[in-house]
Amino acid sequence: MYSVETFDLTKKFKDVTAVNKINIKIKQGEVFGLLGPNGAGKTTLISMLCTLLQPTEGTATVNGFDIIKERDKVRKSIGVVFQDPSLDNRLTALENLYLHAGLYDVPKNERKKRINEVLELVSLKDKANILIKNYSGGMKRRLEIARGLIHYPKILFLDEPTLGLDPQTREHIWDYIKNLADRENITVIITTHYMEEADELCDRVAIIDNGEIKVLDKPSKLKDKLKGDTIIIETNASHDILSKIKSIQNVKSVQLIDGKTYISVENAEKNVVKILQTVKNVKSLSIRKPTLGDVFIHYTGKEFRDETSNGNINKRFLAKRL
Amino acid sequence: MSEIDAIYQIWKREIIRYFRDKYRLAGSIFQPILFLLILGSGFSFVKIGDLNYQKFLFPGIVAMSLVGISLTAGISVIWDREFGFFKEIEVSPISRLSIFLGKAFGGCTIALIQGIIIASLSFIIGLNLPPIIFLKIIPIMILISFSMVSLGLIISSYVETFESFGVIMNFIVFPLNFLSGIFYPVTQVPEWLKIITHLNPLSYGVDLMRYAIIDKSFMNPVLDVLIVILFCILAAFIGVLSFNRKK
């Protein structure tokens, strides 16, 4: 049985088709990523799977239950962390968690134990009696992940789990999610528009754009499908050097853009030596592995507009300084 | 059983929030006292039969404070929606009816606490209520607040923002209170005002409260009880329906 299976799942808002005939199968125990820009239809898709939105056409099963006909059973078997915080700021962490346990009919004599368990998982045990309004953004997100696990769901939905968090907190959250996926045998479904996030966390990634799945595979496989690595060097290159580079074995193409030479090559680590032997006076050099961003461009023909491009700029900048 | 526990959890949350907000408690007691002292003293020359105006006014002020605090139960729903918490309840497996009842009992309890405090302040105007009288007053308070809480929750399920809730509240609270016989005896006003007052469901609650506290009624107490109960059931019913609407 699949954790999630959708059948031509479609949602239309007046004239806009937010999700268009999506068919996916998500396996038990995997970390599945839905990657796409804002407005691609990720949240709409998740909202339908969580039974908060009625599909216009098609349906889906979640843990074997139909999302239209067996709404309450679906709800009991999933945990959801929404894009925006949904904690009560004027209650303490503990009060929020007990409230959740009550809403999900967790047996009374088990509540304390389970709440301790999840608080430990996200390292918030010593902050359990603090009012949520005094929590930081990262702590709130961790607590929400913990809350989503109290009723032992078989699937945890995380809608943009690290949106708006600083890079350090983001990596912490990633650690918790990875830890969770290893320790508990639950399916985790993540939507994100951060490339690194999908790359880092997910066993499989579906790239979604304009409400359609463009491609679905393991992140490594997706990147393998592209043509290889890019070596970027800065030098006083003349055109005959370019043609010399081109004649090196394994080099696929050479381009001069803004004074920098972009060399497409397979297995850059090995071939970079040969290139350095050919080109003198190299001022800077960097190697870029294909990113999911490149995959995205490849399959949608669009530049991925989001914060990760800043990330790349930073990396290039760093490479230059080194 | 799970639904009852869920109702209890939602109720408990409202109560915790109420007691954590000290200003709200103080603020909502202040206003009725102000009304009582200023209006009561300002119109002290008015005599209604053998009653002085302050004593006449007192039961109405108790009812008015119930109306005010009960209707604000709707704000808690809008608050939840605005700050995202409502999604947590919405995606949980409990029924809409339980959400409504949890919110309604919560609002009702808060109104009751408030009402009892105001009623106990009767000594300020020299009215000494024997404790046993609360056995009569409390059921009336519950009926009035439950219907008003329902009304607040109905409004909240159609209104999106705090601002529009405030506007609609004012639009309802003022006519509801001023045309309910809190400030005047319904037997001594012009015919048109008399008709309007009789159309206002709150009038019957006010009259009943007056009958319970100062043993003076200007309508028919039996009819009062009937209408107050009927209105309460009707409001709760519409409340549940409006919570059940699919989006």
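Excluded from the calculations below are hydrogen atoms, water molecules and symmetry mates; all remaining heavy atoms, backbone and side chain alike, are included. It should be emphasised that the depicted structure is a prediction, and the values quoted were computed from it without experimental measurement. Here is how names work: the chains are called A, B, and so on, in the same order as the sequence lines, proteins then strands, and each is numbered from 1.
Comment: Asp80(B) engages Arg13(B) in a salt bridge, judged by a side-chain N to carboxylate O separation of less than 4.0 angstrom. Looking at Lys11(A) and Glu57(A), no side-chain N of the basic residue comes within less than 4.0 Å of a carboxylate O on the acidic one, giving no salt bridge.
Geometrically, Arg170(A) engages Tyr194(A) in a cation-pi contact defined by less than 6.0 Å to the ring centre and at most 45° from the axis. A cation-pi arrangement is present between Arg114(A) and Tyr152(A), with the terminal nitrogen or guanidinium carbon under 6.0 Å from the aromatic centre and inside a 45° cone about the axis.
In terms of non-hydrogen atom pairs under 4.5 Å with chain B, the most contact-rich of Ser86(A), Ser47(A), Pro85(A) is Ser86(A). Among the candidates Gly84(B), Gly102(B), Pro93(B), the residue making the largest number of heavy-atom pairs closer than 4.5 Å to chain A is Pro93(B). Interface summary for chain B: among Gly102(A), Ala101(A), Cys50(A), the most heavy-atom pairs under 4.5 angstrom belong to Gly102(A).
When heavy atoms are compared at a cutoff of 4.5 Å, Ile10(B) approaches chain A by way of both its backbone and its side chain. If you measure heavy-atom distances from Lys73(A) to chain B, you find no contacts under 4.5 Å at all. In this structure, no portion of His151(A) lies under 4.5 Å from any heavy atom of chain B. Using a 4.5 Å cut-off between heavy atoms, Asp72(A) touches chain B through backbone and side chain atoms alike.
When the shell of 6.0 Å around CZ of Phe162(B) is examined, it contains more than 12 heavy atoms from other residues, nucleotides or ligands.
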